[in-house]
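Working notes, structure below.
Counting starts at 1 for both ligands and their atoms, in listed order. Basis for what follows: all heavy atoms, side chains included, without hydrogens, waters or symmetry-related copies. Predicted model only: the values in this text are computed from it and were never measured.
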Amino acid sequence: MQFNIVTLFPEMFAAMNYGVVGRAKETGLIDIRCFNPRDYTEDNYHKVDDTSYGGGPGMVMMVKPLQAAIQGARENSKSFASIVYLTPQGKLLNHDLVKELSVQENLILISGRYEGIDERLLKIEPGIELSIGDYVLSGGELASMVLIDTVTRQLPGVVGDAGSVAQDSFSAGLLDYPHYTRPEVINDLKVPDVLLSGNHAEIARFRRKQALGRTWLRRPELLAKIELTAIDRMLLNEFIEETSS
Ligand code: ADE
């Protein structure tokens, strides 16, 4: 999968050289390329922004350098690339959207800076607008990297143990169950006995109950979106009784 980033700060994407994403780059499962609008300016000052029509604080990114950088990305692409604008005005990124994006071969991610980009670019170069959360970042670069990381995890062969991605939080619409590792006791806190029992059916039951219970406690709106089996309802009732006693 190819990620083309339109950004004024390509150096930031060095963060993509580590961990799971770094390995996916090294093995050629993904390719990340940056296109800096400043490199596509024709004036001596390499101007990429200007004041906002109508007044107000801050600068707005101009259409021409962005459009030229998008063109640069297209010329470097083997296949058709959809455009994604990272902006707090976008639709909230969630697991379902991540899955949809992960079947694309090629994306152009526009990482805006300053107060935003000239609205007319979205008419000239249509795309989807995505937000990574209801807060404002200083630019779209970190949001682009969040998107690249989470989409890359979904690509076949990227995460060694495919089961680990399938079991990620949100894959089944639930939060993850709690995890424990050695030692068995720390600060008088013991690993739950069932996890040491070797009884796989009981372990699966414990984990499902915890996933359901934590989602009920912390993100009840997620529970409302999924269909619970009769066993799920029983496990959740047990969890509720145990936590209220
Ligand atoms: N750019 C600035 N804030 C953002 C956010 N929350 N999501 C995506 N892009 C952004």
Nearest non-hydrogen protein atom to atom 3 (N) of ligand 1, with distance, is Leu137 N, 3.0 Å
May I ask you to decide if the ring planes of Trp216 and Phe239 are parallel, tilted or perpendicular, using 30° and 60° as cut-offs? perpendicular
Please verify whether a non-hydrogen atom of Leu130 lies at under 4.0 Å from ligand 1. yes
Could you tell me which atoms of ligand 1, counted from 1 in the order shown, lie closer than 4.0 angstrom to a heavy atom of Leu86? 8 (C), 9 (N)
Any chance you could lay out the salt bridge (Lys or Arg N to Asp or Glu O under 4.0 Å) test for Arg113 and Glu141, step after step, and finish with the verdict? CA-CA 9 Å; Arg113 281 268 147 183; Glu141 284 78 8; 2.9 Å; yes
Are the charged groups of Glu238 and Arg233 less than 4.0 angstrom apart, N to O? no
Does any N/O atom on Val136 come nearer than 3.5 Å to any N/O atom on ligand 1? no
Identity and distance of the protein heavy atom lying nearest atom 7 (N) of ligand 1: Ile132 N, 3.0 Å
Protein heavy atom at shortest distance from atom 6 (N) of ligand 1: Tyr135 O, 2.8 Å
What protein heavy atom sits nearest atom 10 (C) of ligand 1, and how far away is it? Pro88 CD, 3.6 Å
Are Asp49 and Lys47 close enough for a salt bridge, meaning some N to O gap below 4.0 Å? no
For the pair Lys64 and Glu42, find out whether any cationic side-chain nitrogen is under 4.0 Å from an anionic carboxylate oxygen. no
Can you tell which part of Thr87 has a heavy atom less than 4.0 Å from ligand 1: side chain, backbone, both or neither? backbone
Are any of the N/O atoms in Ala143 less than 3.5 Å from those in ligand 1? no
Quick one: do the Thr87 and Glu129 side chains pair a donor with an acceptor below 3.5 Å? no
Gly139 near ligand 1 by a heavy-atom separation under 4.0 Å: yes
Only one of Ile108, Ile32, Val84 passes side chain to side chain contact (heavy atoms under 4.5 Å, CB included) with Phe3; say which it is. Ile32
